Amino acid sequence: SGNDSLTQLLNRRYLSTIISREITFARQNETPLSLLAFDADYFKMINDKFGHAAGDLALKFIAEALQRYSQGSDYAFRIGGEEFLLLLVDTGVNRAMKIAENIRQYIEKGLIRTAQGQQFSFTVSIGCVQYDGHPDYQRFLDAADHALYAAKNNGRNCIQVTKHLSYI
């Protein structure tokens with residue numbers, strides 16, 4: 001199946017196919033394309049303190065947030081562990097940043113309740129990048145990853161935009 005069993009989001013299996021197709025479309029139609037990379041902050045601490053079932057609730061909550069703030073033409077992926085991608089079709093970096101901020105705030109304000117009645121909240125770090133026209137989708141993914149790590153290094157619970165160089 002192409003869906004993650006826990007979150008029902010798309011999984012890594014279709015990532016290259018979908019991103020390649022959307023890059024081709026964006027290039028042919030000269031439309032913007034943006035990518036948001038998400039990582040739950042201190043996720044191991046959630047699992048250690050509240051258990052893996054609580055960690056699963058946190059992952060489902062991220063998936064819910066991505067679906068809540070995306071449009072029908074966008075693609076949400078769980079690419080592994082606590083890492084997610086949101087491919088925003090026909091979306092420039094300014095709109096992508098607004099969507100990222102809405103998701104960041106929604107998750108930060110959320111309160112997760114475990115089956116044992118405990119409550120916790122958590123945050124996400126987000127990397128944001130707009131497609132630069134290069135035909136290699138891996139560069140696009142790498143740029144989003146780079147932005148995500150910059151967000152992690154800048155204190156977490158924030159959004160970092162990376163502008164990568166266009167090819168010549």
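Bear in mind the structure is a predicted one, so any value in this text is a computation, not a measurement. Only this structure's heavy atoms are used, side chains among them; waters, hydrogens and symmetry mates stay out.
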Using modelled atom types only, decide if a donor and an acceptor are shared between the side chain of T31 and the backbone of N29 within a distance under 3.5 Å.
no
Just so I know, are the side chains of L87 and L33 near enough to count as touching, which here means a heavy-atom distance under 4.5 Å?
yes
Among residues at least two apart in sequence or on other chains, which ones pass salt bridge (Lys or Arg N to Asp or Glu O under 4.0 Å) with D48?
K44
Transitive ILVMFWY side-chain link I103 to I46, under 4.5 Å
yes
Hey, could you give me each pair passing salt bridge (Lys or Arg N to Asp or Glu O under 4.0 Å) that has a residue in residues 106-123? Not counting sequence neighbours.
R104-E108
Would you say the side chain of D90 lies within less than 4.5 Å of the side chain of P32, judging by non-hydrogen atoms?
yes
Should R68 and Y106 count as side-chain neighbours, where that means a heavy-atom distance under 4.5 Å?
yes
Report yes or no: do Y149 and Q160 form a side-chain donor-acceptor pair below 3.5 Å?
no
Kindly indicate whether the side chain of I99, heavy atoms from C-beta on, has any atom under 4.5 Å from the side chain of L36.
yes
Please report the shortest heavy-atom distance between H134 and R27, naming the atom on each side.
C-NH1, 4.2 Å
Distance (rounded to the nearest 0.5 Å) between I23 CD1 and R139 CZ
10.5 Å
Is M45 reachable from V124 through a run of I, L, V, M, F, W or Y residues, each pair having side-chain heavy atoms under 4.5 Å apart?
no
Quick one: does Q8's side chain have a donor or acceptor within less than 3.5 Å of a partner on S5's backbone?
yes
Grab the two heavy atoms, one from C128 and one from A96, that are nearest each other, plus how far apart they are.
SG-CB, 3.8 Å
Mind listing the side-chain donor-acceptor pairs of residues 76-86 below 3.5 Å, one per line with the distance, residues two or more places apart or on another chain?
from: R78; atom 1: NE; to: G81; atom 2: O; distance (Å): 2.9
from: R78; atom 1: NH1; to: D4; atom 2: OD1; distance (Å): 3.2
from: R78; atom 1: NH1; to: D4; atom 2: OD2; distance (Å): 3.2
from: R78; atom 1: NH2; to: G81; atom 2: O; distance (Å): 3.0

Transitive ILVMFWY side-chain link L9 to L88, under 4.5 Å
yes
Test item: side-chain donor near acceptor, R21 and Y137, under 3.5 Å
no
Side-chain heavy atoms of Q119 within contact of I112, under 4.5 Å:
no
Report all side-chain donor-acceptor pairs from residues 49-62 shorter than 3.5 Å, counting only partners two or more places apart or in another chain.
none

Where the side chain of D145 meets the backbone of L141, is there a donor-acceptor pair that is under 3.5 Å apart?
no
Heavy-atom donor-acceptor pair, S34 side chain to T91 backbone, under 3.5 Å
yes
Over all atoms of both residues, closest heavy-atom pair of I126 and A151
O-CB, 3.5 Å
Given the side-chain rings of Y42 and F122, with only the six-membered ring counted for Trp, is the space between their centroids under 6.0 Å?
no
Contact summary for V161 and A147, nearest pair of heavy atoms:
C-CB, 4.5 Å
Please report the closest heavy-atom contact between L35 and A144, naming both atoms and the distance.
CD2-CB, 3.7 Å
dist L6:CG -> N11:CG (nearest 0.5 Å) comes out at 12.0 Å
In the hydrophobic clustering that connects Ile, Leu, Val, Met, Phe, Trp and Tyr at side-chain heavy-atom distances below 4.5 Å, which members other than F25 occupy its cluster, ordered by chain and number?
none
Would you list the pairs meeting salt bridge (Lys or Arg N to Asp or Glu O under 4.0 Å) in which at least one residue belongs to residues 150-162, sequence neighbours left out?
D39-K152, D41-K152
Between S70 and D74, is there a donor-acceptor pair closer than 3.5 Å when you use the side chain of the first and the backbone of the second?
no
